[in-house]
Structures are given as structure tokens and as C-alpha cells.
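For reference, the structure discussed in these notes is given below.
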Amino acid sequence: MSAELFCLTYGAMVTEMLKDYEDPKDVTIQLDKMGFNMGTRLADDFLAKNANVPRCVDTRQIADVLCRTAIPCYLGVSATASSWTSGDREFTITLESNPLTELVQVPPHLVSAGLSYSQLIAGAIRGALEAVHFKVYASATESGANTEIRIRFDQVLKDSLPAGEDD
Amino acid sequence: MAFPFDILHSEIIRTALEGEKERCEAREKFGTIVENLNGPIDIDKYENLVQKAFLHANAETKLESIGYRVGRQLVEKVSKEAPKLVTELEIVKFICKDFWSSVFGKQVDNLRTNHQGVYVVQDGRFTTLRSFPEGDQYVKESGYFLAFPCGLLRGALAGLNIRAVVTPTIESVPSVKFHIQIQPK
């Protein structure tokens, strides 16, 4: 039931936001921000629960932890990383089935107007990685039943502010 | 595996409060602009501001309406296998037992009624208040964390064909009393 409560609540929230903001692009930005804030908190929760996660030294390892541990832990689905480009700095995470979109049908005109329904997940990944000092850019796109999250690694943050205080 | 519902919920509350703050600021700004206005034509220039100031509902209303929507959908799933619910008392009992335990993870601790359309449901350890420290320190803040569940209950009752007003009372976190007032049809 926790899955349904989560997904329905998320859907109702997006619907409410679409009423509040005229431009669906603004909703996507807002979802990304919410995801980011959630991600910074999830990172703590994740590391507390999974003590055996190794220290990541490259993007392949980050992708491995995300796909094998983090995403199954919070979304209950498996994910794969692929399409490595620009010297392993960019990759795509594919969610085989996305619980968030399972009960919804996003109208095509909203998608073409810039709404990215699953941007919350991308934001959460960005937030979680920033909490462990990796700066990345992440964006989500829907393709059929799959959800693809494109991640671009930017830099390793050094001696930064605590995550969440610089937005 | 667990969906981080608590984190999503507090994030929704934060966003709602932020929206309310923006709305208040817009109102204030609008107030000063109106005083210095030359005529009704000028107001068109501030259309954005006017919309912001008057469109948004307040935070609790927004949270409640999100909850209502979710409640209506969830109750259908939960009541799919349930026997036919005829009387009002049966429906309220169903909400307190089956619906409550599948959504909030436990049953209610106490249900009272005056048999005239008022039900008082008590939950001594309400799920959305679990992260608060116990006591009366955060009673005021906890109100925001109860707007969504209130909507959820109102939506669930509406899904079972009962119109009701649901209001919470908190004396000491995390114990909550929900007052369900049935509205005449």
C-alpha cells in the first residue's frame, strides 16, 4: 500500500501544481527542486541503512550503486545504466517500469509543453549525489513504459556548503 | 524496500508553505501598488501579480484537497474486497479499521460517536507525526502535517457516499483526535 499511497499522492500533487503554475516547464523545475531536497535527505537514510556501500571513485561505480542498490531500495524496480558518452562523464539510467507513472497517463500536450513527470526521481538523484559531494545534472524523459534518466557528471565538490543550503 | 512517503509529504508541505509565503508577499505588494494607482487601466500591467495574489489557496486548503483526491482513489482499492457497507456506522468502522490500517499502518485506538452524525476517532500515535518529538512543543506546526490526512479521510468517506467535515485536534503530539461530522445528504 505504501507504493500506491506514494504514487497517488505524487500524482495529485503534480495535478495541483499544474493548476497553480501556468507553464508546465515551471512545474518540472519545481519537481526537480523537490526531488533535490528529498535526495539530500535520502542520501543520509540510504547510507544509514546500507553500511556496506563502497566509496565510489568513478562514474561507473556511482551508476552501479544507483542501479543495484539505491533505486531498488526506494522505488522497488531494477535499473540499468547504458549509453556512456564523453569519456564516461554522461550516462543514462533506464527504469524498466516506473512506479510513478504506472497509474497515470500524462497528456501528450503537457509533455510537449515541457512537463517531465518523473523529474522528481532525477532531482532526487542529483540531490543525493550532491550530498556526497558529486555535482551532476540529471533530467528525466519518458519513452513508452521506460523512464530514462540522463545523468551528466560535472565535478567533485570540495569543501562545499552543507547540501541544501545553497539553493 | 520502502517508498519514502514521509519525505515526500514533508516536501509537499514545504512547497505549499512556500506558495503561501509568495502569495502573502504578492498581496502586500499589490496593496501598495493599488494605493498609488492612477486609474483602472494601469492594473493590467500587474496582471501577473494580481493572479499570484488571489489565485492560490492557502497551504492547508491545498494540502487538504490533494488528500481528498488521493483518499477517493485509495478507498476504491481498499474497499474492493470488502462486504457491502450499508449503514453509516459500518462505513465509519470500515474507515477506522481496514482503510486506516492499510494506509496508515495501524488501526485507530478509539472510536466514539454520539449517534447523531458526530464521530471522534483517536489515534495515539499518528503516522505523519512520528518524526516529531513527543509533548506539546510542536502542536502548532503539526497542524500542517494533519491537513493531508484530513483530506484523505474526507475523500475516503466521500468515495463511500458520505459527505463529512473532518477536523483534527491535537493536545499532545503524536496523539490526534479526528472529528468526523457527517453532513446531511
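Since the model is a prediction, treat every value here as computed from it, not as a measurement. The figures that follow rest on heavy atoms only: side chains count, while hydrogens, waters and symmetry mates do not. Naming: A, B, ... by sequence-line order, numbering from 1 per chain.
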> Top residue by heavy-atom pair count (under 4.5 Å) with chain A, among B:Leu152, B:Leu63, B:Ile66?
Replying inline: B:Ile66

> Are the side chains of A:Lys135 and A:Phe153 in touch, meaning some heavy atoms are under 4.5 Å apart?
Replying inline: no

> Who in residues 7-16 of chain B is close to chain A, using a strict under-4.5 Å heavy-atom cut-off?
Replying inline: B:Ile7, B:Leu8, B:Ser10, B:Glu11, B:Ile12, B:Arg14, B:Thr15

> Do you see a donor-acceptor pair shorter than 3.5 Å between the side chains of A:Ser139 and A:Arg150?
Replying inline: no

Return a table of donor-acceptor pairs under 3.5 angstrom between the side chains of residues 136-146 of chain B and protein atoms on other chains or two or more places apart.
residue  : atom : partner  : partner atom : Å
B:Ser142 : OG   : B:Tyr138 : O            : 3.4
B:Ser142 : OG   : B:Val139 : O            : 2.6

>> Does any backbone or side-chain atom of B:Phe148 lie under 4.5 Å from a heavy atom of chain A? Answer side chain, backbone, both or neither.
In response: side chain

>> Less than 3.5 Å apart, any donor N or O on the side chain of A:Glu142 or A:Thr147 sitting next to an acceptor on the other?
In response: yes

>> Filter on ring pair (Phe, Tyr, Trp, His ring centres under 6.0 Å), then keep only pairs touching residues 154-185 of chain B, sequence neighbours left out; what's left?
In response: B:Trp100-B:Phe178, B:Phe126-B:Phe178

> Which value, rounded to the nearest 0.5 Å, describes the distance between B:Lys106 atom NZ and B:Lys97 atom NZ?
Replying inline: 14.5 Å

>> Applying side-chain hydrogen bond (donor to acceptor under 3.5 Å, both in side chains), can you list everything that pairs with B:Thr61, at least two apart in sequence or on another chain?
In response: B:Asn58

